Amino acid sequence: MSMDFSEFQRRLGADPSDPALAKERTSGPEFEEAAVAAQDFEQVLIKALCIPAPNDLLDNLKSIPTRLPGTGQKKPWALALAASLLMTAGAVGLLWNTEPAWDSVDEYVADHYRHDGYMLVEMVGSHSGDEARALLARFDVGLADEFADVVSVVKSCPTPDGKGVHMVLNTAEGPITVIYMPKTTVNDREMLEFDELQAMLVQLDSGSAAIIGNTVEQVAGLYPMVDRAIRPYTERS
């Protein structure tokens with residue numbers, strides 16, 4: 001059964017390399033345009049990760065098929081997609097560089113949001129709580145129901161100290177972005193401002209988070225839920 005465009009966008013935002021999306025992108029020009037845009041953006045993020053390539057990277061890339069399933073059509077973005085897949089799955093044991101790509105958390109939050117935050121906020125609509133739980137579980141972190149119930153968009157993302165999770169919550173006050181940073185330390189409740197947006201940093205028991213919204217009241221009002229909802233599994237058992 002074919003996906004509608006909204007579902008295609010949601011799944012594309014969560015994981016552009018999802019094999020199930022390959023055949024769906026031929027459903028119409030808007031599907032193909034969205035897929036290409038997502039792939040281009042992934043390359044922007046990959047460049048920001050500063051990941052050193054292992055000696056056997058080329059051999060691993062060559063082992064990944066370069067044609068769309070069942071079409072015989074070459075994928076001009078095959079190597080880029082393959083690299084993304086290898087980084088996401090850790091198939092060749094890639095290590096995050098110890099040198100961060102950003103000089104400060106402030107710089108990271110603004111740069112990250114400018115890259116895809118605006119686009120992901122526009123995709124709000126579907127419920128993605130289970131996907132958020134699955135991504136956070138990779139970092140041994142659980143998610144309370146009150147938070148999971150309002151997650152609308154979720155995807156993996158880079159952070160100053162490795163990988164993290166980018167989520168958009170569909171709240172009564174409008175869409176609010178929460179970026180979870182598993183290995184980053186922040187000044188709790190510190191406020192940031194960029195592009196007429198407000199952000200509040202949250203120091204958690206396991207990692208940290210940035211809450212991004214339109215007003216101070218909006219992000220500050222979400223602080224208590226973020227603080228109690230994202231917790232190590234040992235604390236939630």
Side-chain angles (χ1 to χ4, degrees), residues 13-17 38 41-53 83-90 93-121 123 128 131-143 147-148 151 153-169 175-195 197-213 219 222-223 225-227 229-233:
D15 183 5
S17 62
F41 176 71
E42 286 297 306
Q43 294 315 298
V44 173
L45 291 183
I46 288 171
K47 289 178 181 178
L49 295 179
C50 294
I51 299 176
S84 178
L85 283 167
L86 288 174
M87 285 184 233
T88 300
L94 295 178
L95 298 177
W96 295 98
N97 197 315
T98 56
E99 293 296 325
W102 297 272
D103 293 331
S104 67
V105 174
D106 303 34
E107 180 184 318
Y108 159 74
V109 171
D111 187 48
H112 186 147
Y113 196 89
R114 286 167 182 155
H115 277 310
D116 68 344
Y118 293 103
M119 176 186 72
L120 295 178
V121 163
M123 294 170 60
S128 301
E131 293 175 49
R133 282 195 172 99
L135 287 179
L136 288 168
R138 298 178 184 178
F139 307 105
D140 294 324
V141 170
L143 191 61
F147 191 108
V151 175
V153 180
V154 61
K155 68 174 295 181
S156 295
C157 67
T159 74
D161 305 289
K163 300 199 78 172
V165 182
H166 185 135
M167 297 168 280
V168 182
L169 312 186
I176 301 179
T177 297
V178 175
I179 300 173
Y180 175 62
M181 301 171 282
K183 298 181 180 180
T184 301
T185 300
V186 300
N187 296 319
D188 192 47
R189 296 182 184 268
E190 179 181 350
M191 291 298 304
L192 315 176
E193 184 176 0
F194 63 94
D195 300 348
L197 293 171
Q198 301 292 328
M200 176 178 277
L201 303 180
V202 186
Q203 182 59 48
L204 302 166
D205 288 344
S206 181
S208 61
I211 307 170
I212 306 168
V219 298
L222 198 65
Y223 175 94
M225 182 171 74
V226 173
D227 184 49
I230 303 176
R231 295 283 179 176
Y233 278 125

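Quick caveat, the model's predicted, so the values are computed rather than measured.
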| task | Before giving the answer on side-chain contact (heavy atoms from CB on, under 4.5 Å), spell out for Leu120 and Lys155 the whole-Å C-alpha distance, their side-chain angles and the decisive distance to 0.1 Å. | result | CA-CA 9 Å; Leu120 295 178; Lys155 68 174 295 181; 3.8 Å; yes
| side-chain hydrogen bond (donor to acceptor under 3.5 Å, both in side chains) between Asp103 and Tyr108, intermediate numbers included | CA-CA 8 Å; Asp103 293 331; Tyr108 159 74; over 6 Å; no
| field | From CA spacing to verdict: side-chain hydrogen bond (donor to acceptor under 3.5 Å, both in side chains), Asp188, Tyr223 | value | CA-CA 10 Å; Asp188 192 47; Tyr223 175 94; 2.7 Å; yes
| Verdict with reasoning, Arg138 to Ser156, per side-chain contact (heavy atoms from CB on, under 4.5 Å) | CA-CA 11 Å; Arg138 298 178 184 178; Ser156 295; 3.8 Å; yes
| task | Test Val178 against Phe147 for side-chain contact (heavy atoms from CB on, under 4.5 Å), laying out the working first. | result | CA-CA 11 Å; Val178 175; Phe147 191 108; 4.2 Å; yes
| message | Using the rule given for side-chain contact (heavy atoms from CB on, under 4.5 Å), can you reason through Trp102 versus Val109, listing the C-alpha separation, both sets of side-chain angles and the distance that settles it, and then say yes or no? | response | CA-CA 9 Å; Trp102 297 272; Val109 171; over 6 Å; no
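Atom CD of Glu190 and atom CE of Met200 lie 10.0 Å apart (nearest 0.5 Å). Put simply, CD1 on Ile211 and CG on Leu169 are 8.5 Å apart, with the number rounded to the nearest 0.5 Å. Atom OG of Ser206 is separated from atom CE of Met181 by 12.0 Å, given to the nearest 0.5 angstrom. Leu143 contributes atom CG, which lies 10.5 Å from atom CG of Leu135 (distance to the nearest 0.5 angstrom). To the nearest 0.5 Å, the span separating CD1 on Ile212 from CG on Leu222 amounts to 11.5 Å. To the nearest 0.5 angstrom, Leu197 atom CG is 8.5 Å from Thr177 atom OG1.
What you find for Phe194 and Ala199 is that their closest heavy atoms are CE2-CB, 4.4 Å. Of all heavy-atom pairs between Val105 and Thr185, the closest is CG2-O, 4.3 Å. Of all heavy-atom pairs between Val154 and Glu131, the closest is CG1-CB, 3.5 Å. Scanning all heavy atoms of the two residues, the minimum distance from Thr159 to Lys163 falls at CG2-C, 3.8 Å. The minimum heavy-atom distance linking Ile230 with Val141 is given by the pair CG2-CG1, 3.3 Å. The minimum heavy-atom distance between Ser208 and Tyr180, with the atom names listed, is O-CD1, 3.3 Å.
Of the possible donor and acceptor atoms, none in the side chain of Gln203 sits under 3.5 Å from a partner among the backbone N and O of Asn187.
For Phe139, the ring-ring contact (aromatic ring centres under 6.0 Å, His included) criterion is met by no residue, not counting sequence neighbours.
Side-chain atoms of Pro232 and Asp140, non-hydrogen and from C-beta on, never get closer than 4.5 Å to each other. Proximity of Arg114 to Asp195: side-chain heavy atoms (C-beta onward) are separated by under 4.5 Å at one or more points.
Ring orientation note: the planes of Tyr113 and His166 are close to parallel, at an angle under 30° on the 30°/60° scale.
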